[in-house]
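These notes are about the structure you will find just below.
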Amino acid sequence: MERYNVIREKNPREIVLLKGFPCIWGKCAFCDYTDDNSRDEDEMLALNSRILSRVTGEKGVLEVINSGSCFELPEGTREEIRRIARERGIRRLFFESHWLYRKRLEEMRAYMGIPVTYKIGVETFNHEFRERVLNKHAGFKRPEEVARYFDSPCIMVGIKGQTKEMIDYDIRMVKKHFRLGTVSVFTNNTTKIRQDPELVKWFVREYAWLREDPSIEVLYENTDFGVGD
Ligand code: SF4
């Protein structure tokens, strides 16, 4: 599995996919990447060290993802991120976190000592679909609540049961309330959630303009950031 890449297009940055302890929730209906979680701290520390050793600081920005939330990274890995950021001139970190950790975001910012952009897997601002179908366990009702804590929501599109209206609303809310966002096209995986290919075709056509939008990154495949498998 590829775990390091340099993103050269929108928001240039280095990105690493590290290993962390099991996701605090771990029950999202569409998610099978928690398979990358581990309980073997020594193995995680060794692997994460190897990946982090590739970071050069060339873009001054580092995104760290870990099939969960940054709070699930082993403490030794968090220390290493902080040290490498200092040594290699990283001015900003990107982390991701579940809604459940929203009260701890500042704690991590203070620990790292440099600005952190927090991503959150919102999937959709439609409460019913997010909670009943996707089982996200992120109980906010309005985008403003998310914007109070997080900088950059990740939206998922092209899921069976989702509608064009939901997607229109989600993208409108990302544009209105956030400076940055990510839109991922759902691709079938080992879960029971299925892609709606017609909806994907519609999205790709209707939202082709997002390719030119500097604030929103669109992932047509899970591996479009150059990490994962
Ligand atoms: S919070 Fe993220 S890692 Fe955890 S189960 Fe949901 S999608 Fe998967």
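These numbers were taken from a predicted model, which means no experiment stands behind them. When a ligand or atom number is given, it counts from 1 through the structure's own listing order. Values below: every heavy atom of this structure, side chains too, minus hydrogens, waters and symmetry copies. Along the sequence shown, the residues carry numbers beginning at 1.
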Original post:
Are any of the heavy atoms in G121 under 4.0 Å away from ligand 1?
Top reply: no

Subject >> Note: E80-R83 ion pair, threshold 4.0 Å (strictly below) >> reply: yes

Subject >> K136 touching ligand 1 at heavy-atom level, < 4.0 angstrom >> reply: yes

Original post:
Of all the atoms in ligand 1, which lie at a distance below 4.0 Å from a heavy atom belonging to H98?
Top reply: 1 (S)

Subject >> Under-4.0 Å heavy-atom contact with ligand 1, by part of I24 that carries it >> reply: neither

Subject >> Atoms of ligand 1, numbered as shown, that sit under 4.0 Å from any heavy atom of S67 >> reply: 3 (S)

**OP:** Report the part of K27 (side chain from C-beta onward, or backbone N, CA, C, O) that has a heavy atom under 4.0 Å from ligand 1; answer both or neither where that applies.
**Re:** backbone

Original post:
Do R82 and Y111 meet the cation-pi criteria used here (NZ or CZ under 6.0 Å from the six-membered ring centre, within 45° of the axis)?
Top reply: yes

Subject >> Contacting atoms of ligand 1, where contact means under 4.0 angstrom from a heavy atom of F30 >> reply: 7 (S)

Subject >> Lys NZ or Arg CZ of R78 over F71 ring: under 6.0 Å, within 45° >> reply: no

Original post:
What's the shortest distance from atom 8 (Fe) of ligand 1 to any protein heavy atom, and which residue and atom give it?
Top reply: C31 SG, 2.3 Å

Subject >> Candidate list R130, K136, Q162, test side chain to side chain donor-acceptor pair (under 3.5 Å), partner E123, passing option >> reply: K136

Original post:
Y33 heavy atoms, cut-off 4.0 Å: which ligand 1 atoms fall inside?
Top reply: 7 (S), 8 (Fe)

**OP:** Give the atoms of ligand 1, by number and element, whose distance to some non-hydrogen atom of G26 is under 4.0 Å.
**Re:** 4 (Fe), 5 (S)

Original post:
So is R102 actually on top of Y118's ring, under 6.0 Å and inside 45° of the axis?
Top reply: no

Original post:
Between S69 and ligand 1, which part of the residue brings a heavy atom under 4.0 Å of the ligand: side chain, backbone, both or neither?
Top reply: neither

Subject >> Protein contact of atom 6 (Fe) of ligand 1 - nearest heavy atom, named by residue and atom, plus distance >> reply: C28 SG, 2.3 Å

**OP:** Give a yes or no on whether a salt bridge exists between D168 and K175, defined as a side-chain N under 4.0 angstrom from a carboxylate O.
**Re:** no

Subject >> C23 near atom 8 (Fe) of ligand 1: N/O/S under 2.8 Å >> reply: no

Subject >> Heavy-atom side-chain contact between F186 and I193 under 4.5 Å >> reply: yes

Subject >> Ring centroid separation W209 to Y207 under 6.0 Å >> reply: yes

Original post:
Testing R13, K10, R211 for salt bridge (charged side-chain N to carboxylate O under 4.0 Å, His left out) with E217, which one passes?
Top reply: R13

